[in-house]
Colleague: 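Questions regarding the structure given below will be posed in turn.
Proteins come first, then strands; the chains are lettered A, B, ... in the order of their sequence lines, and each starts at number 1.
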Protein chains: 2
Amino acid sequence: MTISTRKERQKEELRAKILQTAKELFIEHGFEQTSIRNIAERIEYSPTTIYLYFKDKDDIFHALHLEGFILLNQYFRALEHVSDPFERLKAISKSYINFAVENGEFYDLMFINRSPINSINKEDAKWEEGKRAFGFLTGTITECIEKGYFKGMNSEVLAFTVWSMVHGVCSLEIRNRCDVISEENRQDLSDKACAMIIEIFERMHPKAIQ
Amino acid sequence: MTISTRKERQKEELRAKILQTAKELFIEHGFEQTSIRNIAERIEYSPTTIYLYFKDKDDIFHALHLEGFILLNQYFRALEHVSDPFERLKAISKSYINFAVENGEFYDLMFINRSPINSINKEDAKWEEGKRAFGFLTGTITECIEKGYFKGMNSEVLAFTVWSMVHGVCSLEIRNRCDVISEENRQDLSDKACAMIIEIFERMHPKAIQ
DNA sequence: ATATTTTACTTAACGGTGTAAAGTTAATTA
DNA sequence: TAATTAACTTTACACCGTTAAGTAAAATAT
């Protein structure tokens, strides 16, 4: 019994080590430079050993993808105590962009890169953490609507649109499409866009304008 | 004279053929499946011949990237006659999303894929068409502000934010991140989000609300 | 008219990728 | 003690982008 549990533990440890190494390479050098062979070399196993622990490369990045969503939900959990839904909505927007700025490679993997999505379609993988994050936004917007904000709007479509707004900012930054912006505004562009998005929220309910 | 001009013409023709073939493969099978070797096979030349016409793979996709921007500007040119800037802004948003839906692979190349950007940084390539497209948006927003819309906002930052909004919608769709949305709303999600964005514009200036 | 150079292209090769099949060695079970 | 299983490696396949060296024909120079 103790031997077989030790073996199981060791298997689990190697799996974790592969994932940890993939994560390191990935954060240091990005997705493209993280190859099965690179990972294998760093953990001092042959490349094919990795296939005993993960179905394929997409499977590895799907696991990291999940880690990313768990991390994002940690960012969000800190906002659960914000009782006013409109304030929470603004806080979510800021926090989302912060997450992207602070975890660029993760963000790319979660919302831009195609690799982890291949894996989801393959093996109907649990997408729970992703739904939780989006649910937090949708729920907040539903509460906003109940309080009289965004009158008559569909909460899910609005949630998607709000997500699109912040995702747009993050992905244009991460994928380097901001060269058209003047040098002056390119400095801290994400922050400026974030402030602009919040300003848009505020202007949408007329009574809030002083 | 006639011989050398013919030769020049033939060189130009082969360059165009490479580009045309790359475009076909790229639209049919996407970026990943479009390799130098695939292109070469289809035009019945050796792979290395392509390097006599293009610096590298990024260079080919940078050329297609430019084609994409020319096409986008054609979409936009049709809106130049819309005299009211606020109407034009709404039309630009619709048109931008239409462009993305109708030219998915091009859109991906222009605003998501990293390949063409590598090439821009390498050889400070002319980015004129990209600037023209963004300039059209910025100009329209500047006119809006002059007419009393979006009072007190910075036109360039607002232009970037509007771009982020529509880009967010398009890129989440193209990169398949919309599974979290309920089946009901996932149908024509881009259209719904586009309508929502326009609704947001309208709610931003209080007097327009009936 | 012959020799040289240039042009346009190809062959071969390097170093990299993901991944599958077959082989090996040691531990476990029969 | 023999058969089986587990864990891992070696080898190999089919790709990829790209470079260096080679070739044959055309253009130019002598």
Side-chain angles (χ1 to χ4, degrees), chain A residues 1-19 21-22 25-26 29-64 109 113-119 121-123, chain B residues 1-19 21-22 25-26 29-64 109 113-119 121-123:
Chain A
M1 211 55 153
T2 55
I3 289 177
S4 78
T5 54
R6 188 209 68 209
K7 289 217 161 186
E8 260 184 51
R9 198 180 60 238
Q10 284 181 336
K11 275 216 83 167
E12 190 43 54
E13 276 170 9
L14 185 47
R15 202 193 117 98
K17 199 173 182 183
I18 292 169
L19 221 49
T21 306
L25 284 169
F26 164 73
H29 307 113
F31 178 83
E32 308 284 333
Q33 306 304 320
T34 307
S35 67
I36 300 284
R37 283 173 161 88
N38 279 341
I39 298 167
E41 195 184 26
R42 214 179 250 211
I43 61 173
E44 295 172 296
Y45 281 81
S46 80
T48 49
T49 299
I50 291 172
Y51 287 88
L52 303 171
Y53 294 83
F54 293 91
K55 199 184 151 294
D56 54 23
K57 197 187 171 182
D58 290 340
D59 193 25
I60 295 174
F61 283 98
H62 174 73
L64 290 183
L109 190 63
N113 197 302
R114 285 197 159 112
S115 173
I117 295 299
N118 295 337
S119 198
N121 295 352
K122 273 178 200 164
E123 35 127 348
Chain B
M1 212 54 154
T2 55
I3 289 177
S4 78
T5 55
R6 189 211 68 209
K7 289 219 161 186
E8 260 184 53
R9 198 179 61 237
Q10 285 181 336
K11 275 217 83 168
E12 189 42 55
E13 277 170 8
L14 185 48
R15 201 194 118 97
K17 200 173 181 183
I18 292 169
L19 221 49
T21 306
L25 284 169
F26 165 71
H29 307 113
F31 178 82
E32 307 284 331
Q33 306 304 320
T34 307
S35 66
I36 300 283
R37 283 174 160 90
N38 279 341
I39 298 166
E41 194 184 26
R42 214 179 248 210
I43 61 173
E44 296 173 297
Y45 280 81
S46 79
T48 48
T49 301
I50 291 172
Y51 287 88
L52 303 172
Y53 294 83
F54 293 91
K55 198 183 151 296
D56 54 22
K57 197 187 171 183
D58 290 339
D59 194 25
I60 295 174
F61 284 97
H62 175 74
L64 290 183
L109 191 63
N113 197 302
R114 286 198 157 111
S115 172
I117 296 298
N118 294 336
S119 199
N121 294 351
K122 273 178 199 162
E123 34 127 350

Colleague: B:N38 side chain N/O closer than 4.0 Å to the phosphate oxygens (OP1, OP2) of D:dC16?
Modeller: yes

Colleague: Strictly below 4.0 Å: does B:S35 bring a side-chain N or O up to OP1 or OP2 of D:dC15?
Modeller: no

Colleague: Just to confirm, is there a sub-4.0 Å distance from OP1 or OP2 of D:dT18 to any side-chain nitrogen or oxygen of B:K57?
Modeller: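 No, B:K57 has no side-chain N/O under 4.0 Å of OP1/OP2 on D:dT18.
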
Colleague: Need one value for B:Y45: base, sugar-phosphate or nothing, where a base atom within 4.0 Å counts as base even if backbone is also close, heavy atoms only.
Modeller: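 Sugar-phosphate only.
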
Colleague: Would a 4.5 Å heavy-atom cut-off, applied to side chains only, mark B:Y51 and B:I36 as touching?
Modeller: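 Side-chain contact under 4.5 Å: yes.
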
Colleague: Taking the side chain as every heavy atom from C-beta outward, state whether A:L19 and A:R15 have any atom pair closer than 4.5 Å.
Modeller: yes

Colleague: Using whole Å, what does the distance between atom P of nucleotide C:dG16 and atom CD of A:E32 come to?
Modeller: 16 Å

Colleague: Taking ring pair (Phe, Tyr, Trp, His ring centres under 6.0 Å) as the definition, give me every residue that meets it alongside A:F54, ordered by chain and number, with sequence neighbours left out.
Modeller: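 By the ring pair (Phe, Tyr, Trp, His ring centres under 6.0 Å) rule, A:F54 matches no residue at all.
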
Colleague: Enter the inter-axis angle for the ends of the helix from C:dA1-D:dT30 to C:dA30-D:dT1 (five pairs per end, rounded to 10°).
Modeller: 30°

Colleague: Rounded to whole Å, please give me the gap between CD in A:Q10 and P in D:dC8.
Modeller: 9 Å

Colleague: May I ask you to verify whether the side chain of A:R37 and the base of C:dG18 hold a donor-acceptor pair under 3.5 Å?
Modeller: yes

Colleague: According to a strict under-4.0 Å criterion, is B:S46 in side-chain N/O contact with OP1 or OP2 of C:dT10?
Modeller: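 Affirmative; the distance criterion is met.
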
Colleague: Whole angstroms only, please: what is the CD1-P distance between A:I60 and C:dG18?
Modeller: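 These atoms are roughly 9 Å apart.
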
Colleague: What is the separation between atom OH on A:Y51 and atom C1' on C:dT19, rounded to the nearest whole Å?
Modeller: 5 Å

Colleague: Is the positively charged end of A:K17 above the ring of A:Y53, judged by distance under 6.0 angstrom from the centroid and angle within 45° of the axis?
Modeller: no

Colleague: How many Å lie between NZ on A:K17 and P on D:dC8, as a whole number?
Modeller: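 Going from A:K17 (NZ) to D:dC8 (P), I get 11 Å.
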
Colleague: Whole-Å distance between D:dT19 P and B:I50 CD1?
Modeller: 14 Å

Colleague: What's A:Y53 touching, base or sugar-phosphate or nothing? Going by heavy atoms closer than 4.0 Å.
Modeller: sugar-phosphate

Colleague: What about B:T48: does its side chain form a donor-acceptor pair under 3.5 Å with the base of D:dT18?
Modeller: no

